[in-house]
Amino acid sequence: MAEAADFQGTSASPARRWLRRAGALITGAPLLAGLLQLPAAGPAQADASGTVSVSLDSLSPSAPTDGDTVTVSGTVTNNGKRAVTDAHVGLRVGPELTSRSEIDSVARHSDEPRSGTGTEVGDKYEEKFDKLAPGIAEHFTIAVPVDKLDLGDDGVYEFDVTLSGRTSAQSWDQVLGIQRTFLPWQSSEADTKTKTSFLWPLISTAHLTAKTGAGELQTPEFLDDDLAKELAPGGRLAQMVDLGKDLDVTWVIDPDLLASVDAMAAGNYRLQGADGTSTPGPRDHQAAAKQWLAALQKAVAGKEVVALPFADPDLASLAHNGTSVTGSLSHLKDATDVAAITVKTVLHVTPSTDFAWPVNGAVDPSIMKVATSAGADRVIARSDSLQETGGLPYTPSAARPVGGGTTAVVADARLSTAFEGDLTKAGSATLAVQRFLAQSLALNAQTDKQRSIVVAPQRMPTATQAQAMATALKALQGGTWSQSQDLSAAAKDKPDPSATTRIPPRPAYPSSLRRQELPRAVFDQIARTQDKLDNFRVILSDQSRVVTPFGRAINREMSTSWRGRKGEAVGYRDGVEAWMDDLSKQVKLIDKSETKLSGRSATIPVTVQNNLVQPVGHLVLRLTSTMPTRLKIGGKAYFDQRVEVSGGHSQSVKFTTSANANGRVTVLAQLYTEDGRPYGDAVSFDVKVTEVTPTVMLVIGGGVLLLVLAGFRMYTQRKRAAARQADEDGPGTAGEDTGRPGNPEGPGDRLPEESDSASGADDPEQPSDHAPDTAPESADPSGTGERVDR
C-alpha cells in the first residue's frame, strides 16, 4: 500500500527510499548467496560423480518374461580419494528405447552419470554399504521380481545399476557411479518372429608348413604347437565346439583347420625349430586332436556346414592387388575345389561351397567379381558396407539379388559386431549380451513384416567372446521374438523389393581394411614359387608327394589370417619358397674338373645325382661344346640324352666326343625338362685335347711289330730246343724228369725278349679303352686332372 501511494506522482522521501533498498538487500541476500554458491557446487558435483565404478557382472535372465525374477550381481569400486558413506546399490528402470539408434546412444555413454535415469525400484531391492574405502571393491547381488520393475509395453528399456552415497566433501545423497544396460521385455510370444541365422566360424591361422617327411607317411611339419593349445580343453577351438554343439547355428569352417588337426591326430607330426631342424610333437597332443575331431563330428551332425575355400583366402587382397598377377585366380579355384573334399573326408558331412565371405563383409565390384569367380554365387556382405539408401524405416531381409545370378547375403552390422573387443571381464561380456538382445528385439519391433536376419561375427572369436555369443544365442533361442534359421534358407528367402542392391564403389572400401591387405609383391612371390613347383613336378615319378603339400601351402600364403601379422606372413612365404628351392637342388649335376682327351675320339661321363627318395625322370641332359670346330659332342655342337635316376642314387651319362684339333675347350652340361625348360644350374668344365701325330703312330706300330717278332722267335727256339733234347736222351730216357722242361737255359736265365717291356707294364693305351662308369652310389666330383682315354 505504501508502495502504491508512492507511485501517485510523488517522490518517496529519502528515508523511505533507504528503507526500501535495505529491505531489498536483506530479501535478496539468500538468493545472491545461492547464486554465488552455484559455480562452486558444479566442480564438487563433478568430482564426486563417477568416483565409484560399477561393474554389472551378470544379469539373469537376460530377457525376462512374466513371472521371472531378475537377479543382478557385480562389484562397486571406490576410485576416489575419499571414503563413501551411507552407500547403497540400487536398480533403476529408465525410459523405453524406441529405436536402434537410441540403444547405440545409451551404449556409448553407459557409465556416465546424468539426469533422467529414472527412480529406484525401492528400498527392498538394494544392497547397502556403511562405508566404501578408497580403492576397495565390494560385491553385490540383488534379486527383484519382474513385476516390481513396473515395465510397460513390450520393448527395450534402459536398465541402470547405481551406487549412491555421501562423501566428506558432499554430505548429501547422490549418484556416485552408474552402469547402464538394457532389459529386453517381451512378456509373451511375439505375433511375428524374426528368422535369425547365426554363423559359427571355425577358423584358425596357418599352422602347417610345406615340409613333409621322406617316409611313406610324409610326416607333416608344423610352424609351432599353438594349434594344440587351441584344441586342448579350455582352449579357444575346444570351447567353440563345446559351446556350439548346443546351439542352432550354421557352422562356417575353414578346411585348412580340419586338415591341420587331422594331420596332428594321425601322429608323428614334427615342430619346426628356429635353427631349421625339427622335433617330434608331443604324443598327448595327438590324443587331444583326435578328441576334438570326434567332438566336432558329433556337433555338426544334422547341422548346416558351410566350407570356405581352403585356408580362407583374402578375397579383397586378391581383388585389389592379385588379379594382375598371372595365375592368382587359379589358386582360388584350387582352394575351392579341395574344400568340399577335405570337409567330407574329415567330418563325413557334405558341406555347402556356395558362399564367399570377404573380410568384415566389406564389398565392392572387384571383390564381388573375384568372390564369384571360383563358383560361389552367394557373397556374405555386411550392412555397414552395403548400406540402405532408400530410407526404409526397418531393417530389410538379408538376401539381395545383385545381378548375374549372384546374391549378396547382407549380415546385420550391429548384431555382427556386438561381441568384438575385450570381453575378458565379466562386466564387458554381460553388457555385450544385453546390447545384442536389445538390438534384436528392437529390430523385430520395427515392423509386422517377417524378415530373415543374418549374424556374421568376427572370424576368430576368442574364448571369452565365444562364451558371450553362446549366452546371447541361448537367450535368443529361448526367447519370444526370434526363431533360428540356416544360412542357406536365409539366402533363398524372398528379398525385400525396397532394399538396396547397389554394390558400393571401390573408393568406398574402408581404408582401415585396405591398409591390412596383402600387397602385389605377395602375389608375385606366390607366382614365382608356383613356377618353381611346376618346373620341379614334371621330373617326379610321384608328383602328389610334392604338389599336394606345396599347393596347400600356397593357399595358406593368401589367407585372411595374415592381416595384421605382416612379419609372420613374410616368414611363412619365404620358408615355402626356400624349401621349394632346397628340394629342387636335390636333383643336380656333379661338378667336374678338367678332362684330358688323348686321341681323336673318346667318351666323357657326366654324373646326375638324385638325393630325393623317389625316382626322377622326364629329364634331358645336354652336353654342349663351346668350340665345335675343335671338339664335337655326338658329331655336332651339342648332344641330348634322356635321364632317369632312382631315388637316393647317381647316374653316369656318357657322351661320345670327337676332336679335330689340339687345345682346351669349355664344355657345358645342363639338365632340361622334357618341355625344354632348364632345370638346375649348369656345370662347366674344360676338356684338354691332345691329338696323336702319324710319327707317333709309326713308333707305336713298330714297337708292336717287334713284340710280335720277339714272341715268334721265342716260340721257334723253344721248339728246336725240345727237339734236340729228345734226340740226345733217346728212347730209353723218355719221360725222365730232368728238372728242365724243354728250356735249354739254366734256371733263372731270361731271354732278351723276356724283358719287363714284354710283360705289358708299359703297353701303349689300347684302342677303344673307355673311362670306367661312375658307380651308382658315387656322388663324388671328378678328381683333379681327370683323364678320359679313347
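Heavy-atom basis, side chains included; hydrogens, waters and symmetry copies ignored. Fair warning: this is a prediction, and the values are worked out from it, not measured in the lab. Positions are given from 1, in the same order as the sequence printed here.
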Partners passing side-chain contact (heavy atoms from CB on, under 4.5 Å) against Ala426 (at least two apart in sequence or in another chain): Asp57

Arg520 and Ser324 side chains, donor-acceptor separation under 3.5 Å: yes

Check: Thr407 and Arg400 side chains under 4.5 Å, non-hydrogen atoms: no

Ala475 to Ser62 - nearest heavy-atom pair and separation: CB-CB, 4.1 Å

Nearest non-hydrogen partners of Ala238 and Ala232, listed with the distance: CB-O, 3.2 Å

Other residues, nucleotides, ligands: >12 heavy atoms within 6.0 Å of Gln272 CD: yes

Distance (rounded to the nearest 0.5 Å) between Leu257 CG and Ser204 OG: 6.0 Å

Criterion side-chain contact (heavy atoms from CB on, under 4.5 Å) on Val570 and Asp574, from CA distance to verdict: CA-CA 6 Å; Val570 171; Asp574 289 347; 3.5 Å; yes

Set of ring-ring contact (aromatic ring centres under 6.0 Å, His included) partners for Trp562, sequence neighbours left out: Tyr572

side-chain contact (heavy atoms from CB on, under 4.5 Å) assessment of Val346 paired with Val261: CA-CA 9 Å; Val346 178; Val261 179; over 6 Å; no

Basic-acidic side-chain contact under 4.0 Å: Asp226, Lys229: yes

Test side-chain contact (heavy atoms from CB on, under 4.5 Å) applied to Leu476 and Phe198, step by step: CA-CA 11 Å; Leu476 188 67; Phe198 200 105; 5.9 Å; no

Residues which pass ring-ring contact (aromatic ring centres under 6.0 Å, His included) with Phe436, listed by chain and number, not counting sequence neighbours: Phe419

Check: Thr209 side chain, Glu221 main-chain N or O, donor-acceptor pair, under 3.5 Å: yes

Test item: Thr560 side-chain N/O and Pro313 main-chain N/O as donor-acceptor pair under 3.5 Å: no

Among Thr342, Asp337, Val343, the one residue meeting side-chain contact (heavy atoms from CB on, under 4.5 Å) with Phe310: Thr342

Neighbour count above 12 (heavy atom, 6.0 Å) for Asp224 CG: yes

Close side-chain approach of Pro358 and Val379, heavy atoms under 4.5 Å: yes

Salt-bridge criterion met for Lys588 and Asp681 (N-O under 4.0 Å): no

Verdict with reasoning, Gln465 to Glu420, per side chain to side chain donor-acceptor pair (under 3.5 Å): CA-CA 7 Å; Gln465 288 172 343; Glu420 294 181 354; over 6 Å; no

Would you list the atom pairs, donor with acceptor, under 3.5 Å between side chains in residues 240-249 and any protein atom, with sequence neighbours excluded?
from, atom 1, to, atom 2, distance (Å)
Asp242, OD1, Lys245, NZ, 2.7
Lys245, NZ, Asp242, O, 2.8

Validation row: Gln485, Ser452 side chains within 4.5 angstrom (heavy atoms): yes

Over 12 non-hydrogen atoms of neighbours within 6.0 angstrom of CD in Glu644: no

Donor-acceptor pair, side chain of Glu304 and main chain of Leu487, under 3.5 angstrom: yes

Under 3.5 Å donor-acceptor, Thr406 side chain and Val402 backbone: no

Polar contact flag, side-chain donor to acceptor under 3.5 angstrom, Ser317-Glu517: no

Short side-chain to backbone donor-acceptor contact, Gln387 and Asp384, under 3.5 Å: yes

Audit row: Val349, Gln297, side-chain contact (heavy atoms from CB on, under 4.5 Å) steps and yes/no: CA-CA 8 Å; Val349 297; Gln297 290 171 357; over 6 Å; no

Note, His320 side chain near Ile367 side chain (heavy atom, < 4.5 Å): yes

Sidechain-backbone polar pair: His285 side chain, Arg283 backbone, donor-acceptor under 3.5 Å: no

Check: Gln614 side chain, Ser541 main-chain N or O, donor-acceptor pair, under 3.5 Å: yes

Heavy-atom closest pair, residues Gln439 and Leu415: CB-CD2, 3.7 Å

ring-ring contact (aromatic ring centres under 6.0 Å, His included) against Tyr269, all qualifying residues, sequence neighbours excluded: Phe222

Within 6.0 Å of NZ in Lys303, more than 12 heavy atoms from elsewhere: yes

Distance-only donor-acceptor check, side chains Asp542 and Ser544, under 3.5 Å: yes

Within-4.5 Å side-chain heavy-atom neighbours: Pro549 and Lys211: no

Side chain to side chain donor-acceptor pair (under 3.5 Å) contacts touching residues 347-357 (sequence neighbours left out): none

Side-chain heavy-atom pair Thr529, Leu533 within 4.5 angstrom cut-off: no

Check: Ala489 main-chain N/O paired with Asp486 side-chain donor or acceptor under 3.5 Å: no

Beyond-backbone contact of Arg236 with Pro461, side-chain heavy atoms, under 4.5 angstrom: yes

Polar side chain donor-acceptor pair, Ser559 to Asp312, under 3.5 angstrom: no

Side-chain H-bond candidate by donor/acceptor type, Thr196 with Ser482, under 3.5 Å: yes

Between Gln525 and Glu577: side-chain donor-acceptor atoms closer than 3.5 Å: yes

Non-hydrogen atoms of Ala263 and Leu208 that approach each other most closely: CB-CD1, 4.3 Å

Check: Tyr509 side chain, Ser385 main-chain N or O, donor-acceptor pair, under 3.5 Å: no

Neighbour count above 12 (heavy atom, 6.0 Å) for Lys532 NZ: yes

Geometric cation-pi criterion Arg677 and Tyr672, 6.0 Å radius, 45° cone: no

Test item: Arg545 and Leu540 side chains (from C-beta on) under 4.5 Å apart, heavy atoms: no

Check: Asn360 side chain, Leu513 main-chain N or O, donor-acceptor pair, under 3.5 Å: no

